[in-house]
Amino acid sequence: MSDDSPQADSPFHAGERQVQERMGVRAIEDWARKVVRPYMPEQHRAFHTALPFLVAAGRDARGRPWATLLVGAEGFVTSPDPRTLVIDARPAPGDALDGAFAAGADIGILGVELATRRRNRMNGRIESDGAGVLVCAVGQTFGNCPQYIRERAWRRVDGAPAGPPRRGRSLTPAQRAWIASADTFFIASGHRGASEGAAFGMDASHRGGEPGFVRVVSPTRLVFPDYAGNNHFNTLGNLVAAPRAGLLFVDFETGGLLQLTGTTSIDWDSAAVARVPGARRLVTLDIDEIVDLPAATPLRWDAHAESVRALRLVERVRESDDVTSFFFEARDGGPLPPFKAGQHLPIELEVPGLAAPVRRTYTLSGAPGGARYRISVKREPFGAASRQLHDGLEVGALINARRPGGAFLLPSGRRPVVLASAGVGVTPMVSMLHALADEGGARPVWFVHGARDGGHHPFAREVRALAATRPNIRVHVAYSRPRPEDRANSACDAEGRIDGALLADLAGDPDAHYFLCGPTRFMIDAQNGLERRGAPAERIHTESFESAG
């Protein structure tokens, strides 16, 4: 199949599908059809229009990709309808993309809120560019996970003079030092064949890691790791189809921008990949041209993303054969930042043998409002973080953590709620169940969970105990391979797997809200089944779960 002949209903072009095939994750396409949309959901429109800047990807007159920031006054982004984004801003004078965003041009947009680690992506085309205003037609839009985003607060400065742009073909010593100390950059990539399909176009993406994660090999060559992500492989798929890319580094203290464009190559599995902690692949950029824009934006951010505080492990509880809960309190004994049921906790772990801390995000599984945080982690045989937690973190140990975040949240109101999970996807559901039990209301709640057997069923007693306190809460548990003792003890309510038809039958109400969390296949099947039974898409809430390791 050629790049110019994508599958008609696929959200991915051939390059993306090729990488997914290579990585053994082609099943993600079924899921992506649900979350990659040709329009902007209301929450995405509200998110983009409240931002002080957007990351934009485009091509210059020679067809080379570059990334930049579009910055305007408050309200400079509007969305008159779900298929349109209007941006009252242009690149700064001398920017590599100055004059590039003309009618008909492809554009990739990344909306990222560094203070909360939220991000959403949109790609499309510019319909018109009159009077300095870009009217963009939405091609695709979808949300991204918060992993690897560094938290930074921002502010505006007045009258900051921008220096003259500097162009070159090799990095100066100052630019090399800038890149070597960076913990964040943005990357522009894209591919367009003869097709007009939404899978083609430009893409703007975020990359983050510990300072130094981008290695400056020479004045004209960089190498950076590609970490585990959402398995869409948008950027790598673009690079397989069209290997040119643009990188953008931001000087968060001064507002300076460093833009690079060049040609990439991908190291999929050499010994060099194994030497970089957490890397799944390595990407090399051979630089063609550089644009250095001092103080190009009136925005300033915190130079360093500091941890919220150190946390001390105060208790470990074995929840099942492979899941353990870890309870943390603030090292200084003070109150912890509050969280809402369904949110996650970003943590950093020191792992012996690794030069840099390992960063992971785990759902908070305890009741909101308590004096401790609880995370519940499945031990993965090859997972650096989960093995360190299970095998190396003893009571009294300290870790660093950032403020809880996430938008997988319970709605207010009286509509029935169905909490459905499989495997360790149960963690946000337990926190939500605590919140619903504490709510003391009368709205019907179903807690539905699927596990292999009783040995792999965390929180079984805790959930039953919570349900016993409230007549409006009911529980349904299904084991796919129950043990004899499970049957003897009536540990499950059914044998088999959970699907959307079962969830709709249990709810028995077309107005119910459904929350799904678990492996990709579980969520695909559950959502498809719910939609076939008439559940509105806006009342099906999902949290993608793939083990971080």
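Computed from heavy atoms alone, side chains included, the values below leave out hydrogens, waters and symmetry copies.
Between the R59 side chain and the A100 main chain, no donor and acceptor come within less than 3.5 Å of each other. Checked by atom type and distance alone, the side chain of E531 never pairs as donor or acceptor with a backbone atom of N528 at under 3.5 Å. The backbone N or O of T84 lies less than 3.5 Å from a partner atom in the side chain of S79, making a donor-acceptor pair. Between the side chain of S386 and the backbone N or O of E380, at least one donor-acceptor pair lies under 3.5 Å. A donor-acceptor contact shorter than 3.5 Å links the side chain of R300 to the backbone of T297. Checking side-chain atoms of H344 against main-chain N and O of G405 turns up a donor-acceptor pair under 3.5 Å.
When all heavy atoms are compared, the tightest approach of P165 to L293 is CB-CD2, 3.4 Å. Nearest heavy atoms, S189 versus N238: OG-ND2, 2.9 Å. Annotation for L97 and D60: closest pair CD2-N, 4.1 Å, computed over non-hydrogen atoms. Taking every heavy atom of both residues into account, R167 and V291 meet most closely at NH1-CG2, 3.5 Å. Here the shortest heavy-atom pairing between R360 and V358 reads NH1-CG1, 3.3 Å. For the pair A204 and A56, the tightest heavy-atom approach, listed with the atom from each and the gap, is CB-C, 4.5 Å.
One finds the CG atom of D88 at 8.0 Å from the OG1 atom of T78 (value rounded to the nearest 0.5 Å). The distance from the CZ atom of R45 to the CE atom of M40 is 8.0 Å, given to the nearest 0.5 Å. Taking CZ of R387 as the reference point, atom CG of L349 lies at 12.0 Å (rounded to 0.5 Å). Here the straight-line distance linking atom CD1 of I347 with atom CG of L389 works out to 5.0 Å at 0.5 Å rounding. Note that the CD1 atom of I107 and the CG atom of L70 stand 6.0 Å from one another [nearest 0.5 Å]. From L222, atom CG reaches atom OG1 of T264 across 12.0 Å, with rounding to the nearest 0.5 Å.
The existence of a salt bridge linking R33 and E29 is confirmed by a sub-4.0 Å separation between a basic side-chain nitrogen and an acidic carboxylate oxygen. Taking 4.0 Å as the cut-off between side-chain N and carboxylate O, D288 and R62 do not count as a salt-bridged pair.
Within the structure, the ring-ring contact (aromatic ring centres under 6.0 Å, His included) test picks out no pair touching residues 56-101 (sequence neighbours left out). A ring-ring contact (aromatic ring centres under 6.0 Å, His included) check over residues 40-60, counting only residues at least two apart or in different chains, returns the pairs F53-W301.
Looking at M202 and N123, their side chains never come closer than 4.5 Å, going by heavy atoms from C-beta outward. A heavy-atom distance below 4.5 Å is not found between the side chains of L69 and L299. Using a 4.5 Å heavy-atom cutoff, the side chains of V71 and R156 are in contact. The side-chain heavy atoms of Q259 and T261, taken from C-beta on, include no pair separated by under 4.5 Å. Put simply, the side chain of L257 reaches to within 4.5 Å of the side chain of V250, judged on heavy atoms. No side-chain heavy atom of R215 sits less than 4.5 Å from a side-chain heavy atom of V276. For the pair T284/D267, no side-chain contact is recorded, criterion being any heavy-atom separation below 4.5 Å from C-beta on. Between P346 and R359, the closest side-chain pair of non-hydrogen atoms is not below 4.5 Å.
A 6.0 Å sphere centred on CZ of R221 holds no more than 12 heavy atoms belonging to other residues, nucleotides or ligands. Annotation: R497, atom CZ; neighbour count of heavy atoms from other residues, nucleotides and ligands within 6.0 Å does not exceed 12. When the shell of 6.0 Å around CD of E21 is examined, it contains 12 or fewer heavy atoms from other residues, nucleotides or ligands.
Looking at residues two or more places apart in sequence or on another chain, you find a side chain to side chain contact (heavy atoms under 4.5 Å, CB included) between D251 and W178, E253, T254. Listed by chain and residue number, R521 satisfy the side chain to side chain contact (heavy atoms under 4.5 Å, CB included) test with D525 (two or more places apart in sequence, or in another chain). In this view, F233 satisfies the ring pair (Phe, Tyr, Trp, His ring centres under 6.0 Å) rule with no residue, not counting sequence neighbours. Residues satisfying the side-chain hydrogen bond (donor to acceptor under 3.5 Å, both in side chains) criterion with E538, sequence neighbours excluded, are absent altogether.
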task: For C136 and M122, run side-chain contact (heavy atoms from CB on, under 4.5 Å): C-alpha distance rounded to whole Å, both residues' side-chain angles, the deciding distance at 0.1 Å, then the answer.
output: CA-CA 10 Å; C136 306; M122 185 279 282; 4.2 Å; yes

message: Could you go through R121 and N234, starting from their C-alpha distance and side-chain angles, then the distance that decides it, and tell me whether this counts as side-chain contact (heavy atoms from CB on, under 4.5 Å)?
response: CA-CA 11 Å; R121 284 158 67 165; N234 302 114; 3.3 Å; yes

- prompt: Checking side-chain contact (heavy atoms from CB on, under 4.5 Å) for the pair L260/I179: CA distance, chi angles, key distance, verdict?
  reply: CA-CA 11 Å; L260 316 175; I179 293 170; 4.2 Å; yes

Trace of the ring pair (Phe, Tyr, Trp, His ring centres under 6.0 Å) decision for F12 with H232: CA-CA 8 Å; F12 303 117; H232 288 195; 5.4 Å; yes

task: Quick one: do V55 and H206 satisfy side-chain contact (heavy atoms from CB on, under 4.5 Å)? Show the steps, please.
output: CA-CA 9 Å; V55 182; H206 164 277; over 6 Å; no

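No cation-pi contact links R207 to F224, judged by a cut-off of 6.0 Å to the six-membered ring centre and 45° from its axis.
With 3.5 Å as the limit, one finds no donor-acceptor pair spanning the side chains of H191 and D203.
Using a 30° and 60° split on the angle between ring planes, F213 and F185 fall in the parallel class, below 30°.
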